[in-house]
Amino acid sequence: MSSSSKFSYQYPRPSLTVDAVIVTGDTEPQLLLIKRKNDPFAGSWALPGGFVDENEALEAAAARELQEETGVDPSRVLLSQVGAFGDPGRDPRGWCISVAYAALVPSSSELQIQAADDAAEAQLYKITEQLPPLAFDHKLIVRLAFRQLANAEAVEGQAALVQQLLAVADRLEGPWQQQ
């Protein structure tokens with residue numbers, strides 16, 4: 001069968017996206033967010049991310065979107081997969097599954113943040129302060145990523161950081177849908 005063959009399936013298929021949760025290990029840890037330039041959720045804060053290109057590996061897509069939207073060099077962050085998110089209604093464009101990645105970078109000074117592509121702004125938010133409302137189901141993704149990062153080898157011996165990550169994750173409990 002040639003690679004140019006087209007397939008049709010009896011079952012509908014979802015769109016596939018990736019999201020990146022980047023946290024700094026500063027004394028006051030920060031979360032990297034972007035302000036969306038386009039609908040859906042134009043003007044809302046969200047995690048860096050976007051659609052996976054055909055034949056693109058998931059981690060490569062997460063690294064590409066991170067660099068495209070924030071200017072962060074993906075070679076400076078070690079992304080680890082958090083999980084897949086596909087609750088109905090998570091994306092108003094239709095059935096969309098996102099695979100989320102997370103990374104802890106030692107210091108915000110290592111990130112050269114600059115909004116680009118479909119991000120109007122890119123900014124670090126102190127996690128100990130109230131995070132802005134997040135687009136899509138990113139509240140859920142951040143909550144689970146913070147819990148995963150709190151248990152990562154990279155934070156061994158950093159009790160204060162572990163406590164902060166878990167406290168914020170607990171504070172993000174509740175439904176991810178906008179009320």
Just wondering, are more than 12 heavy atoms of other shown residues or ligands nearer than 6.0 Å to [atom1] in [X]?
{"X": "E56", "atom1": "CD", "value": "yes"}
{"X": "R171", "atom1": "CZ", "value": "yes"}
{"X": "Y11", "atom1": "OH", "value": "no"}

Determine, using the 4.5 Å side-chain heavy-atom cutoff (strictly less than), whether [X] and [Y] are members of one ILVMFWY cluster.
{"X": "V99", "Y": "L140", "result": "no"}
{"X": "V72", "Y": "I34", "result": "no"}
{"X": "I113", "Y": "V142", "result": "no"}
{"X": "V52", "Y": "L66", "result": "yes"}
{"X": "L32", "Y": "V18", "result": "yes"}

Test item: [X] and [Y] side chains (from C-beta on) under 4.5 Å apart, heavy atoms:
{"X": "D87", "Y": "W176", "result": "yes"}
{"X": "R90", "Y": "I141", "result": "yes"}
{"X": "H138", "Y": "L33", "result": "no"}
{"X": "R36", "Y": "F136", "result": "yes"}
{"X": "F41", "Y": "L134", "result": "no"}
{"X": "L16", "Y": "L58", "result": "yes"}

Distance-minimising heavy-atom pair for [X] and [Y]:
{"X": "D19", "Y": "G49", "answer": "OD1-CA, 3.8 Å"}
{"X": "C96", "Y": "T17", "answer": "SG-CG2, 3.4 Å"}
{"X": "A150", "Y": "V155", "answer": "O-CG2, 3.4 Å"}
{"X": "Q67", "Y": "D73", "answer": "NE2-CA, 4.3 Å"}
{"X": "S80", "Y": "Q148", "answer": "OG-NE2, 3.5 Å"}
{"X": "L104", "Y": "G25", "answer": "CD1-N, 3.9 Å"}

[atom2] on [Y] to [atom1] on [X], rounded to 0.5 Å:
{"X": "D91", "Y": "I97", "atom1": "CG", "atom2": "CD1", "answer": "11.5 Å"}
{"X": "L131", "Y": "Q30", "atom1": "CG", "atom2": "CD", "answer": "11.0 Å"}
{"X": "E129", "Y": "L31", "atom1": "CD", "atom2": "CG", "answer": "12.5 Å"}
{"X": "L166", "Y": "L161", "atom1": "CG", "atom2": "CG", "answer": "9.5 Å"}

Any side-chain to backbone donor/acceptor pair from R64 onto P74? Under 3.5 Å, distance only.
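Not at all, since once roles are kept as given, no pair shorter than 3.5 Å links the two residues.
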Under 3.5 Å, side chain of S107 to main-chain N/O of S109, donor-acceptor pair present?
yes
Go through the steps for I22 and L47 under the test side chain to side chain contact (heavy atoms under 4.5 Å, CB included), then give the verdict.
CA-CA 9 Å; I22 307 300; L47 296 169; over 6 Å; no
Would you give me the side-chain donor-acceptor pairs under 3.5 Å for residues 115-127, sequence neighbours excluded?
{"from": "Y125", "atom 1": "OH", "to": "W45", "atom 2": "NE1", "distance (Å)": "3.4"}

Of L165, V77, V105, which is the lone residue that meets side chain to side chain contact (heavy atoms under 4.5 Å, CB included) with V23?
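It is L165, the one option of L165, V77, V105 that forms the side chain to side chain contact (heavy atoms under 4.5 Å, CB included) with V23.
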Quick one: ring-ring contact (aromatic ring centres under 6.0 Å, His included) pairs with a partner in residues 58-108, sequence neighbours left out?
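Output for this query is empty, none listed.
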Could you check whether R147 pairs with E173 (Lys NZ or Arg NE/NH1/NH2 to Asp/Glu carboxylate O, under 4.0 Å)?
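Answer for the salt bridge query: yes.
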